[in-house]
Amino acid sequence: MSSLKVYNSYTRQKETFNSITPGHVGMYVCGPTVSGESHLGHARPFITFDVIFRYLKHQGYKVRYVRNITDAGHFEEEGREAEDKIATKAQIEKLEPMELVTKYSNLFHWAMRQFNNLDPSIEPTATGHIVEQIEMIKTIIEAGYAYAVNGSVYFDVVKYAQHYPYGKLSGRIIDDLLETTRDLDGQDEKRAKQDFALWKAAPAEHIMRWQSPWGEGFPGWHIECSAMATKYLGGQFDIHGGGMDLMFPHHESEIAQSTICNHHVPARYWLHNNMITINGKKMGKSYNNVIKLTELFSGDHPLLEQAYHPMTVRFFILQTHYRSTLDFGNEALQAAQKGLRRLWDAYGHLQNLQHPGGGPSDKALDEKVLQTIALMEEHMNDDFNTAKTLADMFELVPVINSLREKRYAADALSGDTFIKLQLAFKTYLEDIFGLQSEQASAGADNDRLDAVLQLLIEIRKEAKTRKDFATSDKIRLQLQELGVMLKDEKDGSVGISYL
RNA sequence: GGUCCCGUGGCCGAGUGGUUAGGCAGAGCUCUGCAAAAGCUUCCACAGCAGUUCGAAUCUGCUCGGGACCUCCA
């Protein structure tokens with residue numbers, strides 16, 4: 001059995017994964033800012049790290065997965081309004097900040113359920129950890145790496161860089177930053193342009209504000225993650241995840257803060273997912289090219305040719321390695337939809353098949369199946385290569401379908417191999433990839449409708465028996481228009497699939 | 001401007017020295033009352049140029065093109 005290797009952004013190489021405490025993994029992933037609706041781009045890290053969470057558990061680790069909710073809003077440090085993002089929007093929508101936060105938190109959780117993402121072990125909020133953040137800032141000041149000015153506190157990046165490798169994660173060179181940082185508000189308070197805010201004094205119009213040793217204000221952008229990760233995972237933990245766009249300055253700053261407080265780079269392995277692009281450009285608010293998740297699921301967006309099921313989106317994302325960009329397109333989504341359906345149908349058939357005992361009567365096939373199953377784990381161990389693992393599974397689809405349609409002898413595989421095949425599909429599709437049938441997740445069916453459908457199938461069968469194809473075709477075609485596809489199987493049974 | 005990344009067949013995408021990736025779409029065949037599904041076969045690649053090598057999509061250099069970060073950002 002191969003061992004798990006992960007690409008560590010911090011060292012820029014693939015490394016064998018070893019957890020700090022044997023059998024346990026601590027993982028922190030930057031969560032959503034709940035000041036607005038999540039879009040397709042946001043879905044990627046949460047699905048990526050959900051699968052990583054699931055895979056680590058599958059490997060037998062006890063995982064504490066911490067994913068924060070940023071509900072204090074990030075201060076738009078250089079923004080002209082000098083207002084908290086959430087506060088700004090709250091004024092527009094005439095809502096209390098916490099009402100807005102609650103609304104979008106709920107919507108976010110709804111989206112996570114649509115994707116069948118497991119709940120994180122702990123989901124701390126920034127507003128719930130103001131005290132911890134203030135304590136951490138105090139520690140940094142005491143250590144001499146931060147200074148207070150006019151009620152704000154800044155981290156002394158220049159001093160830090162003299163003693164620690166600032167910029168290692170994101171490949172920055174501190175002198176370059178000097179030249180490229182823009183000339184903006186609040187800069188005159190800082191000793192150096194590279195310095196970043198730990199605490200900001202709140203201007204009068206700022207709704208969200210807390211009392212601190214430096215006056216009324218709110219936490220800087222990066223401190224919440226450091227404070228909450230430290231609190232729940234300790235001074236050094238195993239995995240820190242997030243989008244590549246967070247490497248600088250967010251994660252770089254986290255490293256600096258935590259290093260001063262805990263004397264360690266906070267995480268051993270830094271994992272970063274790449275962006276979802278649309279027409280080759282990153283999907284993002286500032287590019288004005290976002291597709292919200294609600295729009296994606298409903299199809300209600302000019303760029304969408306149809307609605308896409310959350311499972312289609314999940315599968316679409318998993319068909320690409322998490323560190324590659326993924327380009328959105330209707331054709332690509334539709335391909336994912338069909339591919340998933342084929343894979344899922346085969347899975348369904350596989351679970352219904354019975355092995356007669358004995359075998360393998362086809363030794364070469366048996367061998368190939370065993371090898372392919374082994375490859376699945378090998379590919380997941382290779383930095384969570386879900387794309388390759390899915391390709392492995394597609395290699396097995398013709399085998400399954402051929403067994404089902406009796407092109408292969410029922411005992412072509414040994415009973416042992418057959419069980420392994422069934423188990424591998426269940427484990428990977430459901431437990432690791434977190435896929436589920438579209439009907440199950442839709443939850444639309446009920447027993448009564450099922451019975452009605454069975455009745456129609458029965459009537460159609462009778463019509464076919466007396467060669468009344470007009471009737472049988474009418475039933476099939478009209479059901480198809482309603483999104484129910486009937487498929488006549490060779491053995492006389494009727495398969496149902498939902499479009 | 002600085003730092004970094006990428007350019008694979010009609011579309012989406014694996015792959016880092018010698019092997020069919022895979023999915024979807026297209027073509028043909030088998031099966032079928034028809035259809036769908038399924039199975040088999042098949043077409044279409046590695047941006048360009050030069051170099052290293054017995055051998056490169058894979059390494060090196062250059063050219064062209066695209067992108068990310070440097071500011072909120074998944």
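Keep in mind the model is a prediction, meaning the values are calculated, not measured.
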Once you apply a heavy-atom cut-off of 4.0 Å, does [X] come out as touching a base, just sugar-phosphate, or nothing?
{"X": "A:G242", "answer": "sugar-phosphate"}
{"X": "A:T325", "answer": "sugar-phosphate"}
{"X": "A:Y408", "answer": "nothing"}
{"X": "A:S324", "answer": "sugar-phosphate"}
{"X": "A:D473", "answer": "base"}
{"X": "A:M283", "answer": "base"}
{"X": "A:N330", "answer": "nothing"}
{"X": "A:M275", "answer": "base"}
{"X": "A:L326", "answer": "sugar-phosphate"}
{"X": "A:H272", "answer": "nothing"}
{"X": "A:F469", "answer": "base"}

For [N] versus [M], give the span between their [atom1] atoms, rounded off to a whole number of Å.
{"N": "B:G65", "M": "B:G51", "atom1": "C1'", "answer": "22 Å"}
{"N": "B:G17", "M": "B:G26", "atom1": "P", "answer": "36 Å"}
{"N": "B:C49", "M": "B:C64", "atom1": "C1'", "answer": "10 Å"}
{"N": "B:G67", "M": "B:U8", "atom1": "P", "answer": "14 Å"}
{"N": "B:C44", "M": "B:G2", "atom1": "P", "answer": "43 Å"}
{"N": "B:A45", "M": "B:C11", "atom1": "P", "answer": "12 Å"}
{"N": "B:A14", "M": "B:C62", "atom1": "P", "answer": "27 Å"}
{"N": "B:A57", "M": "B:G48", "atom1": "C1'", "answer": "14 Å"}

Taking the minimum atom-to-atom distance to the side chain of [X], which one of [options] wins?
{"X": "A:E405", "options": "B:A38, B:C4, B:G33", "result": "B:A38"}
{"X": "A:P249", "options": "B:C70, B:A14, B:C34", "result": "B:C70"}
{"X": "A:H42", "options": "B:A74, B:G39, B:C12", "result": "B:A74"}
{"X": "A:D488", "options": "B:G33, B:A74, B:G39", "result": "B:G33"}

Donor on one side chain, acceptor on other, [X] and [Y], under 3.5 Å:
{"X": "A:N279", "Y": "A:T277", "value": "no"}
{"X": "A:H272", "Y": "A:S9", "value": "yes"}
{"X": "A:N68", "Y": "A:E224", "value": "yes"}
{"X": "A:T471", "Y": "A:D468", "value": "yes"}
{"X": "A:Y322", "Y": "A:D383", "value": "yes"}
{"X": "A:H355", "Y": "A:Q422", "value": "no"}

Which atom of [X] lies closest to which atom of [Y], heavy atoms considered:
{"X": "A:L403", "Y": "A:A412", "result": "CD2-CB, 4.3 Å"}
{"X": "A:D119", "Y": "A:F53", "result": "O-CE2, 3.8 Å"}
{"X": "A:Y287", "Y": "A:K282", "result": "CD1-O, 3.5 Å"}

*Dot-bracket pairing map - RNA chain B, Watson-Crick plus G-U, both contacts under 3.5 Å, | cross-strand*: (((((((..(((.....[...))).(((((.......)))))....(((((..]....))))))))))))....
*asked:* Can you say whether a donor on the side chain of A:R476 sits under 3.5 Å from an acceptor on the base of B:A35, or the other way round?
replied: yes
_My understanding is that only one of A:Q337, A:E295, A:Q334 makes a side chain to side chain donor-acceptor pair (under 3.5 Å) with A:Y308; could you say which?_
A:Q334
*Quick one, give me the B/S/- string for nucleotides 16-31 of chain B, reading 5' to 3', where B means a protein heavy atom under 4.0 Å from the base and S means that only happens at the primed atoms, P, OP1 or OP2.*
-----BSBSS-----S
*Nearest nucleotide by nearest heavy atom, which residue falls closer to the 5' end of RNA chain B, A:Y287 or A:H39?*
A:Y287
_If you assign A:S402 and A:F328 each to the RNA chain B nucleotide with the nearest heavy atom, which residue ends up on the more 5' nucleotide?_
A:F328
*Check for a donor-acceptor pair, side chain of A:N274 on one end and backbone N or O of A:R323 on the other, with a separation under 3.5 Å.*
yes
_B:G67, OP1 or OP2 - any side-chain N/O from A:K281 closer than 4.0 Å?_
yes
*asked:* Output the rounded distance in Å from CE (A:M247) to P (B:A74).
replied: 16 Å
*Please report, rounded to the nearest Å, how far the P atom of B:C4 is from the OH atom of A:Y7.*
12 Å
*Using the side chain to side chain donor-acceptor pair (under 3.5 Å) rule, take A:Q194 and A:Y166 through it: C-alpha gap first, then chi angles, then the decisive distance, then the call.*
CA-CA 11 Å; A:Q194 303 94 322; A:Y166 182 79; over 6 Å; no
